[in-house]
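Note that the numbering runs from 1 along the sequence shown for the chain. What's counted below: heavy atoms across the whole structure, side chains too, no hydrogens, waters or symmetry copies.
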Amino acid sequence: IHVIDYFPIARRIVSSSNAVGVVAQAWTQTAAFQGEFAIVHAPDFLPYAPLCCAYQARRAPSPAGNALIEILCEENKSAH
């Protein structure tokens with residue numbers, strides 16, 4: 001899975017390959033989308049998946065990486 005948070009790039013990849021894309025429903029209402037793509041109507045098509053943080057075992061995370069890990073851990077605690 002690759003996450004591309006810029007519709008024009010994702011659009012180019014999907015329209016020039018056999019890739020399948022997932023977009024926000026708002027994009028499906030645009031002329032750019034409707035002119036090139038078909039919609040798969042399946043509200044539970046992609047269930048939420050558990051995620052994790054990973055970093056290279058031989059290196060400690062950067063200060064920014066540590067801050068992100070702390071934030072994610074706090075969010076995870078408050079979600080349960």
Side-chain angles (χ1 to χ4, degrees):
I1 294 176
H2 296 281
V3 177
I4 302 170
D5 195 21
Y6 186 60
F7 182 72
I9 292 173
R11 176 182 171 199
R12 195 171 345 152
I13 291 168
V14 173
S15 65
S16 64
S17 71
N18 65 347
V20 174
V22 177
V23 300
Q25 285 187 335
W27 278 110
T28 65
Q29 303 305 309
T30 66
F33 184 94
Q34 292 176 356
E36 293 184 66
F37 304 105
I39 300 170
V40 177
H41 293 283
D44 296 327
F45 182 64
L46 294 172
Y48 292 108
L51 300 176
C52 70
C53 254
Y55 59 89
Q56 201 173 50
R58 291 177 281 176
R59 290 183 170 172
S62 67
N66 278 327
L68 175 62
I69 291 168
E70 284 181 36
I71 291 168
L72 294 174
C73 288
E74 287 302 315
E75 289 292 321
N76 186 43
K77 287 178 192 174
S78 66
H80 292 95

Considering non-hydrogen atoms only, spot the tightest contact between T28 and F33 and give its length. CA-CD2, 3.6 Å
Closest non-hydrogen atom pair between I69 and P61, with its separation: CD1-CG, 4.1 Å
Search all heavy atoms of A19 against all heavy atoms of I13 and return the closest pair with its distance. CB-CG2, 4.3 Å
